[in-house]
**Student:** 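I am attaching a structure below and will ask some questions about it afterwards.
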Amino acid sequence: MRRTATSDARKKDTREKIELGGLIVKAGLRYEKRALLLGLLIDANRRLKGDEQERSRLTAIGAEAFGESDD
């Protein structure tokens, strides 16, 4: 039973990483250096803390890229 739980957790983790990588591709950043990508994400995380307007702005951009109207 423990082995199954561990296996399921690993599969879930792997799936999540694949999906996150897909976001990098969808954003058109597939060929950028990893250091740049990490820098972008760290900077975005810092800018988002406590800035609901920036969070809303970026969420709208992402929702549009996914073809959603509001979310």
Side-chain angles (χ1 to χ4, degrees):
M1 175 119 135
R2 182 179 216 163
R3 190 174 285 164
T4 301
T6 302
S7 176
D8 288 346
R10 289 179 71 189
K11 286 179 184 178
K12 183 179 177 185
D13 183 60
T14 298
R15 179 70 184 156
E16 183 179 350
K17 289 174 182 174
I18 291 168
E19 290 173 355
L20 292 171
L23 293 176
I24 296 295
V25 172
K26 187 164 184 73
L29 299 170
R30 176 192 300 247
Y31 301 108
E32 295 297 338
K33 292 182 179 182
R34 291 178 182 181
L36 173 67
L37 296 173
L38 184 56
L40 285 168
L41 294 170
I42 290 170
D43 181 60
N45 184 46
R46 289 176 183 161
R47 287 186 291 124
L48 287 176
K49 289 184 180 177
D51 190 343
E52 286 304 316
Q53 279 187 319
E54 183 69 357
R55 182 178 295 276
S56 294
R57 184 183 78 81
L58 293 173
T59 299
I61 291 169
E64 183 179 338
F66 279 125
E68 301 172 7
S69 56
D70 288 295
D71 196 7

**Student:** Could you pull out all residues at least two apart from Glu16 that satisfy salt bridge (charged side-chain N to carboxylate O under 4.0 Å, His left out)?
**Tutor:**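 Not a single residue meets the salt bridge (charged side-chain N to carboxylate O under 4.0 Å, His left out) criterion with Glu16.
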**Student:** Can you give the donor-acceptor pairs under 3.5 Å from side chains of residues 29-40 to other protein atoms, not counting sequence neighbours?
**Tutor:**
none

**Student:** Which atom pairs, one a donor and one an acceptor, fall under 3.5 Å between side chains of residues 44-53 and the rest of the protein, sequence neighbours left out?
**Tutor:**
residue, atom, partner, partner atom, Å
Arg47, NE, Asp43, OD2, 2.9
Arg47, NH1, Glu54, OE2, 2.9
Asp51, OD1, Gln53, N, 3.3
Asp51, OD1, Glu54, N, 3.1

**Student:** Which value, rounded to the nearest 0.5 Å, describes the distance between Thr14 atom OG1 and Lys12 atom NZ?
**Tutor:**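 So the OG1 of Thr14 and the NZ of Lys12 are separated by 12.0 Å.
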**Student:** Please go through Leu20's hydrophobic cluster and name the other residues, only I, L, V, M, F, W, Y counting, with side-chain heavy atoms under 4.5 Å joining them.
**Tutor:**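 Besides Leu20, the hydrophobic cluster comprises Leu23, Phe66, listed by chain and residue number.
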**Student:** Restricting to side-chain hydrogen bond (donor to acceptor under 3.5 Å, both in side chains), what partner residues turn up for Lys17, sequence neighbours left out?
**Tutor:**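 Partners of Lys17 under the side-chain hydrogen bond (donor to acceptor under 3.5 Å, both in side chains) test: Asp13.
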